Amino acid sequence: MTRFTFFKLVPEDICMASLNHTVVIIPAYNEELAIGVLIAAIQGVVGDFADIVVIDDGSNDSTADSARRAGAIVLSHPFNMGYGITIQTGYKYAYSKGYEYLVQIDGDGQHDPEYIPSLLEPVMNGAADLALGSRFLDAASYNPPLLRRAGMYFFGSLVSLLIGRPISDPTSGYQALNRSVLAFFTNDSFPCDYPDADVLLMLGLNGFSISEVPVRMYANVAGKSMHSGLKPLYYVFKMLLSMIVTLLRKRSPYTGAGRSGKHAD
Amino acid sequence: MLCLLVFVFTVDMVRKHKLREEYSVLWLVTSLLMFILVLKYDLLVAITNLIGAGLPTTTLFLCANLFLILIAMQFSFRISKHSNQIKNLVQENALLRLELEQLKKNTESTK
């Protein structure tokens, strides 16, 4: 059982909780060059409406300082843990501070911040619990290498089939979600590597509604990626196993914004 | 002979706090089992015939093999648990660090 009670929102904390309902979280690893520019761009789009939180995954450069100077709140891991864990740290922070909506955007600048409002829209008006930014719905986006595309298409189709909703970009890290999804993600019973097809499967099976929004993504300029380093074969195996296990697991019935229209906490 | 040595060694290690009790179980059970099998040779032969192995030594090797599999499994479970604990610690560490920084800033500005 998780000892996460330390960060559960307690009545005295309400006054310490942020004034904003929305937070933008940015997982980053060694992005000292891109992060300042990215934060400024996001500030240009959201202004005072949302808080910006950078999660520095044990960078050994000045990512954390650059982010702080640009005006973001910075969470730092003592050492590198990987994308999935980094994003969950962001989720745990957001949940403990009482945020209602969360947008996640990659720290390397591949995701265009201009699309943040269009991602937030379906989540905020209750049409979906999770809005997934798909690069394939927008013609202007770059196309990833063939092998990766094949993998995405395969798992995307598989998930689409299993949850009954078409998913074109299952590995997109550009998403907006509401507090119910946050609660789901911070529970230790669902450890996973976000974002990915198996997470979408998990959400779909537990009654959350997912919606896709066209977004724009740029090719990786610097040449390094947080998502790389995993051998493709191992990835395929891991994904398949995870999805099979998810199908076998017990599902918790969920009544949330997407279904009943009422906001559950 | 070897079995006795392993058995005694294991107990001693637990006594010296160099080995946790949970890991020692498998070592003790296996070494005891092997010891009994060697002593009661007829028992070993009976088992050998039961499982269809050619020689009694094969049975002993199989036992050792099974033991290794089980102990490796035990380690895998433990490591998975540890990984999860480390993950949670790292996350709490990051959140605590931020709180600390904010507190420091607050106390400094109110000075």
Side-chain angles (χ1 to χ4, degrees), chain A residues 1-10 13 16-18 23 25 27-29 51-59 63-65 67-68 72-97 185-194 245, chain B residues 10 13-30 61-111:
Chain A
M1 268 292 118
T2 177
R3 284 232 206 287
F4 194 50
T5 49
F6 185 96
F7 290 102
K8 234 186 236 159
L9 206 59
V10 160
D13 284 352
M16 286 236 309
S18 61
V23 64
I25 65 168
Y29 178 62
D51 296 330
I52 302 177
V53 175
V54 170
I55 308 112
D56 160 35
D57 192 12
S59 304
T63 301
D65 287 323
R68 237 172 253 125
I73 297 168
V74 178
L75 289 163
S76 278
H77 283 168
F79 35 79
N80 183 257
M81 297 295 294
Y83 185 85
I85 294 171
T86 306
I87 209 99
Q88 198 192 28
T89 305
Y91 292 154
K92 287 187 175 178
Y93 176 79
Y95 187 72
S96 71
K97 289 295 176 186
F185 280 165
T186 54
N187 191 330
D188 246 9
S189 310
F190 311 103
C192 39
D193 265 329
Y194 324 75
V245 167
Chain B
T10 309
M13 282 293 111
V14 177
R15 185 183 69 87
K16 285 187 189 155
H17 295 294
K18 284 196 181 156
L19 182 67
R20 285 172 169 254
E21 289 80 355
E22 54 202 291
Y23 297 126
S24 66
V25 173
L26 207 55
W27 288 99
L28 294 172
V29 166
T30 309
F61 276 125
L62 278 166
C63 280
N65 215 346
L66 187 67
F67 161 75
L68 285 172
I69 290 171
L70 289 172
I71 205 105
M73 240 187 217
Q74 192 173 34
F75 290 159
S76 299
F77 290 145
R78 270 315 227 122
I79 290 174
S80 297
K81 186 171 181 198
H82 285 158
S83 297
N84 210 36
Q85 289 175 325
I86 290 173
K87 175 196 75 106
N88 285 338
L89 277 172
V90 165
Q91 290 178 324
E92 285 221 20
N93 176 291
L95 293 166
L96 281 169
R97 225 188 266 219
L98 180 68
E99 286 229 13
L100 187 65
E101 282 168 21
Q102 287 173 336
L103 271 170
K104 272 203 249 181
K105 243 199 319 188
N106 286 342
T107 53
E108 250 156 58
S109 58
T110 57
K111 259 195 202 149

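Not measured: the values here are computed from a predicted model. Per chain, numbering begins at 1; letters A, B, ... match sequence-line order.
- Annotation for B:Ala94 and A:Leu75: closest pair O-CD2, 3.5 Å, computed over non-hydrogen atoms.
- The minimum heavy-atom distance linking B:Val90 with A:Pro78 is given by the pair CG1-CD, 3.9 Å.
- When every heavy atom of A:Ser76 is checked against every heavy atom of B:Asn93, the shortest pair comes out as O-OD1, 4.3 Å.
- Proximity to chain A is absent for every atom of B:Gln85, based on heavy atoms less than 4.5 angstrom apart.
- Looking at heavy atoms from C-beta onward, A:Lys92 lies in side-chain contact with B:Asn88 at the 4.5 angstrom threshold.
- For the atom pair CD of B:Gln91 and CD1 of A:Ile55, the computed distance is 10.0 Å after rounding to the nearest 0.5 Å.
- Rounding to the nearest 0.5 Å places CE of A:Met81 at 8.5 Å from NZ of B:Lys87.
- Within the 4.5 Å cutoff, no side-chain heavy atoms of B:Leu98 are placed close to those of A:Val74.
- B:Phe75 CZ: more than 12 foreign heavy atoms inside a 6.0 Å radius.
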